[in-house]
K.L.:
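The structure is given below, and queries will be raised subsequently.
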Amino acid sequence: MRIALTYPAIIGAALALAACASGDPAMPGGLTLIELPLRVHVLSSRVDQIDSDATDAQVGALLDRSNQIWARAGIRFTLDLTVREAIGAEAEIEAALAGGPVPLSVIAGGLPRGELSGGRWDAFIVDDLTALSGAPGVFVPSIPALVSSEVDPAGINDPGRILAHELGHSLTLEHVDCPPEGNLMAAGCPGTDRGRLTDAQIEAARAKAETGRPVPF
């Protein structure tokens, strides 16, 4: 899912993974590997659905799963830094929670800004955003940063895919309808390949990645 607060708005998969693991920039299909830094913020809170106890190993596993998908586009996100910090606006979040799902704008308003990477890629990890807001992840271009869930108690979503999906928004990709074969940017899509990217999506994502800056830059 994508919201804006102040800003409007397998081909060769095994070979791609091997290339990423080895550091070899030669990618399948003639693609050159683009590496992008990702700063991960593990959030603590008195709100159970936000409070994450993700270990460094679990953060690494989420990133590895996301990179399995983005290897198809010749893009790899590298861990810049892991920051552990508290979310703000807890009173507002708790008040909203008393009335039902918390609006994503309220959650975004509480995201700490002090340790942001400065206009690069930032991902805030919470325990279970779905239980809090009804959405498993969100990209907020006005920061810019994304929020993604650490766990999925319902077993419906793949947390690593959620991260990859929100990173797709940061690379200009919008939601698409769910095709039978699946697509990364089709929310809730039950297709056979939920990490699939079309040639047009790969082209658009790579064009943005080459600038070294996420949306809205």
Side-chain angles (χ1 to χ4, degrees), residues 1-4 8-21 26-36 38 58 60-77 101 104 121 123 125-141 144-210 214-216:
M1 179 172 290
R2 177 176 175 174
I3 63 171
I10 277 184
I11 63 172
L15 292 175
L17 291 175
C20 283
M27 302 296 291
L31 298 178
T32 300
L33 178 63
I34 303 173
E35 293 192 323
L36 302 172
L38 176 67
Q58 289 170 322
L62 284 173
L63 187 54
D64 286 347
R65 169 59 179 141
S66 177
N67 278 331
Q68 287 178 2
I69 294 172
W70 281 106
R72 306 175 182 199
I75 296 172
R76 183 185 186 192
F77 290 90
L104 291 168
W121 277 266
I125 303 299
V126 301
D127 181 68
D128 187 0
L129 189 63
T130 304
L132 186 67
S133 69
V138 62
F139 174 61
V140 189
L146 63 90
V147 185
S148 191
S149 298
E150 167 199 347
V151 299
D152 175 35
I156 298 171
N157 295 298
D158 167 357
R161 179 186 178 274
I162 297 169
L163 178 60
H165 175 101
E166 302 307 333
L167 287 168
H169 286 312
S170 80
L171 293 170
T172 75
L173 302 187
E174 302 287 351
H175 285 150
V176 299
D177 292 334
C178 180
E181 62 272 27
N183 191 278
L184 175 64
M185 302 310 297
C189 183
T192 55
D193 183 0
R194 300 180 69 220
R196 176 176 169 270
L197 291 162
T198 67
D199 290 345
Q201 287 174 319
I202 290 172
E203 182 179 2
R206 284 182 61 84
K208 185 58 181 169
E210 286 172 349
V215 172

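What you see is a predicted model; the values in this text were computed from it and never measured.
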K.L.:
Could you check whether any side-chain N or O of Glu150 sits under 3.5 Å from a backbone N or O of Ile125, counting only pairs where one atom can act as donor and the other as acceptor?
P.N.:
no

K.L.:
Do the rings of Phe139 and His169 sit parallel, tilted or perpendicular, given the 30° and 60° boundaries?
P.N.:
parallel

K.L.:
Supply the atom-to-atom distance Phe77 CZ to Ile34 CD1, rounded to the nearest 0.5 angstrom.
P.N.:
9.5 Å

K.L.:
Can a donor-acceptor pair be found, under 3.5 Å and without considering hydrogens, that links the side chain of Ser149 to the backbone of Leu129?
P.N.:
yes

K.L.:
Do Asp158 and Arg194 sit within salt-bridge range, that is, some charged N less than 4.0 Å from a carboxylate O?
P.N.:
no

K.L.:
Give me the atom names and distance for the closest heavy-atom approach of Arg206 to Gly74.
P.N.:
NH1-O, 3.3 Å

K.L.:
Of all the heavy-atom pairs spanning Cys189 and Gly182, show the shortest one and how long it is.
P.N.:
SG-CA, 3.7 Å

K.L.:
What's the spacing between Trp121 CH2 and Leu171 CG if we round to 0.5 Å?
P.N.:
6.0 Å

K.L.:
Could you tell me which non-hydrogen atom of Pro144 sits nearest to which non-hydrogen atom of Pro216, and how far apart they are?
P.N.:
CB-CD, 3.9 Å

K.L.:
If you round to the nearest 0.5 Å, how far is OG of Ser148 from CG of Leu163?
P.N.:
5.0 Å

K.L.:
With a cut-off of 6.0 Å (strictly less than), are more than 12 heavy atoms of other residues, nucleotides or ligands near CD of Glu181?
P.N.:
yes

K.L.:
Using modelled atom types only, decide if a donor and an acceptor are shared between the side chain of Arg161 and the backbone of Leu184 within a distance under 3.5 Å.
P.N.:
yes

K.L.:
Return the CZ to CZ distance between Arg196 and Arg72, rounded to the nearest 0.5 Å.
P.N.:
9.5 Å

K.L.:
Locate the shortest heavy-atom distance separating Trp70 from Gly168; write the atom from each residue and the value.
P.N.:
CZ2-CA, 3.5 Å

K.L.:
Could you tell me whether a side-chain N or O of Ser170 sits under 3.5 Å from a main-chain N or O of Leu167, the two making a donor and an acceptor?
P.N.:
yes

K.L.:
Please report the shortest heavy-atom distance between Ile69 and Ala164, naming the atom on each side.
P.N.:
CD1-CB, 3.9 Å

K.L.:
Working note: Ile75 + Leu31, criterion side-chain contact (heavy atoms from CB on, under 4.5 Å); need CA distance, chi angles, decisive distance, verdict.
P.N.:
CA-CA 9 Å; Ile75 296 172; Leu31 298 178; over 6 Å; no

K.L.:
For the residue pair Leu173 and Met185, what are the closest heavy atoms and their distance?
P.N.:
O-CE, 3.6 Å

K.L.:
Atom CZ in Arg76, atom CG in Leu38: separation rounded to 0.5 Å?
P.N.:
12.5 Å

